[in-house]
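Right, one structure below, let's go through it.
Just so it is clear, the structure is predicted and the values come from calculations on it, not from any experiment. Protein chains get the first letters and strands the later ones, always in sequence-line order, with residue 1 at the start of each.
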There are 2 protein chains.
Amino acid sequence: MELLSVPDVPEVREGDDLAALVDARFDLAPEDVVVVASTVVSKAEGRVADLADYPAGPRAREIADRLADLTGEEKDPRFAQAVLEESTELLMEAPFLLTETRFGHVGVNAGIDRSNVPTGDVLLLPKRPDESAARIRERLEHQNPVVVTDTSGRPFRHGQTGVAIGYAGMPASRDYRGETDRDGHELEVTVQCVVDELAAAANLVSGEADAGTPVTVVRDWDFGDLEGSENLYRSVDGDFVRQALRGWEYDE
Amino acid sequence: MELLSVPDVPEVREGDDLAALVDARFDLAPEDVVVVASTVVSKAEGRVADLADYPAGPRAREIADRLADLTGEEKDPRFAQAVLEESTELLMEAPFLLTETRFGHVGVNAGIDRSNVPTGDVLLLPKRPDESAARIRERLEHQNPVVVTDTSGRPFRHGQTGVAIGYAGMPASRDYRGETDRDGHELEVTVQCVVDELAAAANLVSGEADAGTPVTVVRDWDFGDLEGSENLYRSVDGDFVRQALRGWEYDE
Ligand SMILES: Nc1nc2c(ncn2[C@@H]2O[C@H](COP(=O)(O)OP(=O)(O)O)[C@@H](O)[C@H]2O)c(=O)[nH]1
Ligand SMILES: Nc1nc2c(ncn2[C@@H]2O[C@H](COP(=O)(O)OP(=O)(O)O)[C@@H](O)[C@H]2O)c(=O)[nH]1
Ligand SMILES: [Mn+2]
Ligand SMILES: [Mn+2]
Ligand SMILES: [Mn+2]
Ligand SMILES: [Mn+2]
């Protein structure tokens with residue numbers, strides 16, 4: 001398996017055709033998987049916004065005041081407003097905002113970025129990353145599988161990694177249930193989330209700062225002869241951590 | 001960046017020298033990173049056990065009884081005993097066991113596996129995976145960086161991925177704090193856990209079942225000219241999910 005950066009990607013602007021942009025710079029083989037950082041998907045989709053677009057309501061002001069009290073730093077209530085508008089559930093409001101975004105991803109600040117945004121104050125995640133992936137895929141010469149990624153923190157473990165937030169043209173996971181191990185024993189629950197692993201792998205080469213390499217091609221990797229599974233996010237009734245957070249309050 | 005499986009690895013047995021086993025089968029370049037599935041590290045370290053080694057105490061029996069009530073399936077209290085003995089904190093006891101293992105990793109059943117174990121009932125995680133990685137590294141011809149992995153579930157997201165549980169010869173993370181983005185803005189908190197990303201990438205090629213490819217070589221990947229950061233696990237006082245779980249009870 002090989003990971004290759006698509007070279008010479010320019011600054012992406014609203015309306016850009018990412019598929020054409022990739023096809024023009026990279027000779028994709030039909031089996032290659034194309035992994036795209038959500039930043040450039042958001043830019044192409046015009047998901048840049050100014051804080052002035054988010055006049056803060058009472059809830060956003062309450063959140064920002066509390067965060068300001070806690071951290072001793074001024075917090076812009078319009079940013080809290082943007083996070084709330086991008087979210088379908090608020091899981092933590094202090095000491096930082098953790099929410100479910102409109103498409104199911106749980107992340108800090110609803111994944112709203114303030115870096116790598118030249119034309120506005122903030123960059124929102126794509127509205128429906130699965131649909132973004134499908135649109136890019138459709139326009140690629142070979143309709144390659146596409147994974148859209150973001151950099152995300154996670155409980156228990158230090159630091160962030162690349163994760164998938166949308167995908168098209170392949171299943172999210174390999175479903176090993178019913179398969180056997182080296183000794184012929186049936187595996188217990190094993191659903192391997194390969195789109196997250198592809199996102200993590202691509203992040204190793206795309207980097208976080210000014211590398212300018214938002215598109216990574218995965219070559220000579222094979223999903224294999226296994227059942228596919230489609231879920232990227234846990235259902236709430238199987239997500240006990242999420243349930244625990246609902247009953248929890250940050251203790252100042 | 002390229003990922004290559006070390007070919008023809010035999011069934012690993014207690015006392016095997018994994019470094020010699022790799023060097024004999026693969027011509028490592030000095031900059032290659034060697035990613036090893038914990039299963040084979042555990043086998044080499046003799047971390048195979050029988051349930052008879054874990055006579056269940058009252059706490060293990062209480063846990064097993066409760067799980068049996070919940071699931072309607074018989075649960076062996078000796079397995080619960082093994083999990084407790086491998087753990088330093090019990091974060092969830094129902095509907096499954098989530099614990100902190102002796103070295104800081106939070107995982108289901110303390111990472112104890114019942115697949116790919118021909119010589120006993122269960123396979124425990126290596127006792128100190130950082131030390132395991134360092135021992136393998138020391139004996140490799142070029143003292144390559146080594147990452148020891150396990151397959152692990154995670155909150156919020158469906159399925160499992162490869163994660164690092166130990167490493168040697170490189171930092172755990174790239175620390176981007178103080179670096180700037182494409183527009184010259186300073187990045188906010190960005191610590192990229194590259195050992196987890198290497199583990200995830202390797203899992204794409206090593207697989208979960210009977211592939212027989214526990215060692216993956218990462219070639220032409222560069223940590224880069226960034227500060228390193230050493231923590232793989234969150235400290236408890238910055239891990240609000242962990243704190244929330246302490247106050248939570250599974251509602252039958
Ligand atoms: N060429 C190019 N690279 C970009 C652009 N925007 C971001 N990047 C690069 O894409 C990669 C990922 O950027 P990041 O801000 O971490 O994206 P995220 O993880 O999706 O939030 C980095 O290498 C950035 O330098 C762009 O418009 N053009
Ligand atoms: N050659 C060889 N492969 C093994 C051995 N034990 C496990 N594997 C393979 O190593 C890979 C990872 O195994 P898995 O049980 O998922 O390990 P874990 O993720 O570390 O718990 C799979 O490809 C297994 O087939 C062994 O003793 N020898
Ligand atoms: Mn982002
Ligand atoms: Mn990123
Ligand atoms: Mn395991
Ligand atoms: Mn595994």
Side-chain angles (χ1 to χ4, degrees), chain A residues 1-3 11 92 95 106 114-118 151 154-163 172-174 176 179-183 185 187-188 190-194 196-198 200-201 203-205 207-210 212 221 224 229 231-234 239-245 247-248 250, chain B residues 1-3 11 92 95 106 114-118 151 154-163 172-174 176 179-183 185 187-188 190-194 196-198 200-201 203-205 207-210 212 221 224 229 231-234 239-245 247-248 250:
Chain A
M1 169 174 140
E2 210 175 348
L3 283 98
E11 179 64 32
M92 275 174 63
V106 174
R114 290 192 264 200
S115 1
N116 284 324
V117 202
T151 300
R154 59 267 163 88
F156 311 137
R157 307 184 68 80
H158 188 64
Q160 292 114 42
T161 62
V163 298
S173 298
R174 288 172 173 157
Y176 280 93
E179 303 287 317
T180 54
D181 73 9
R182 290 165 53 82
D183 311 304
H185 299 129
L187 298 182
E188 292 170 39
T190 301
V191 174
Q192 182 189 8
C193 187
V194 292
D196 272 349
E197 293 182 332
L198 289 165
N203 216 40
L204 285 166
V205 301
E208 296 297 343
D210 58 1
W221 174 74
S229 149
N231 292 328
L232 190 48
Y233 307 113
R234 280 182 191 259
D239 191 347
F240 303 107
V241 161
R242 186 156 165 179
Q243 294 174 28
L245 281 173
W248 177 81
Y250 179 61
Chain B
M1 170 175 141
E2 209 175 348
L3 283 99
E11 178 65 31
M92 274 175 63
V106 173
R114 289 192 266 199
S115 357
N116 284 324
V117 202
T151 300
R154 58 267 163 88
F156 310 138
R157 307 184 69 81
H158 188 63
Q160 292 114 42
T161 62
V163 298
S173 298
R174 287 172 173 157
Y176 280 93
E179 302 289 316
T180 54
D181 73 9
R182 290 165 53 82
D183 310 305
H185 299 129
L187 299 181
E188 292 170 39
T190 300
V191 174
Q192 181 188 8
C193 186
V194 292
D196 272 348
E197 294 182 332
L198 289 165
N203 216 41
L204 285 166
V205 301
E208 297 297 344
D210 58 1
W221 173 74
S229 150
N231 291 329
L232 190 48
Y233 307 112
R234 282 182 189 260
D239 191 346
F240 303 107
V241 161
R242 187 156 164 179
Q243 293 174 29
L245 280 174
W248 177 81
Y250 178 62

Could you check which of [options] has the highest count of heavy-atom pairs closer than 4.5 Å to chain B?
options	value
V241(A), N231(A), L204(A)	L204(A)
G207(A), A172(A), C193(A)	C193(A)
A201(A), G224(A), A209(A), G212(A)	A209(A)
L232(A), L187(A), V117(A)	L232(A)
R154(A), R182(A), R157(A), Q243(A)	R157(A)
H185(A), E179(A), E208(A)	E208(A)

Using a cut-off of under 4.5 Å for heavy-atom pairs, which of G159(B), G162(B), A200(B), P95(B) has the most such pairs with chain A?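 Between G159(B), G162(B), A200(B), P95(B), the count favours A200(B).
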
Most contacts with chain A, counted as non-hydrogen pairs under 4.5 angstrom, among D183(B), T190(B), V106(B): D183(B)

Is any side-chain heavy atom of F156(B) closer than 4.5 Å to one of L245(A)? yes

To the nearest 0.5 Å, how far apart are [atom1] in [X] and [atom2] in [Y]?
X	Y	atom1	atom2	result
E197(B)	Q160(A)	CD	CD	10.0 Å
N203(B)	Q192(A)	CG	CD	4.5 Å
L198(B)	T161(A)	CG	OG1	11.5 Å

Test side chain to side chain contact (heavy atoms under 4.5 Å, CB included) on L3(B) and L3(A); report intermediate values, then the result. CA-CA 8 Å; L3(B) 283 99; L3(A) 283 98; 3.7 Å; yes

Considering residues at least two apart in sequence or located in another chain, which fulfil the side chain to side chain contact (heavy atoms under 4.5 Å, CB included) criterion with V191(B)? H158(A), S173(B), D175(B), R177(B), S229(B)

Listed by chain and number, what are the side chain to side chain contact (heavy atoms under 4.5 Å, CB included) partners of R234(B), not counting sequence neighbours? D239(B)

Steps toward side chain to side chain contact (heavy atoms under 4.5 Å, CB included) verdict (T151(A), Y176(B)): CA-CA 13 Å; T151(A) 300; Y176(B) 280 93; over 6 Å; no

Is it the side chain or the backbone of F240(A) that comes within 4.5 Å of chain B heavy atoms, both, or neither? both

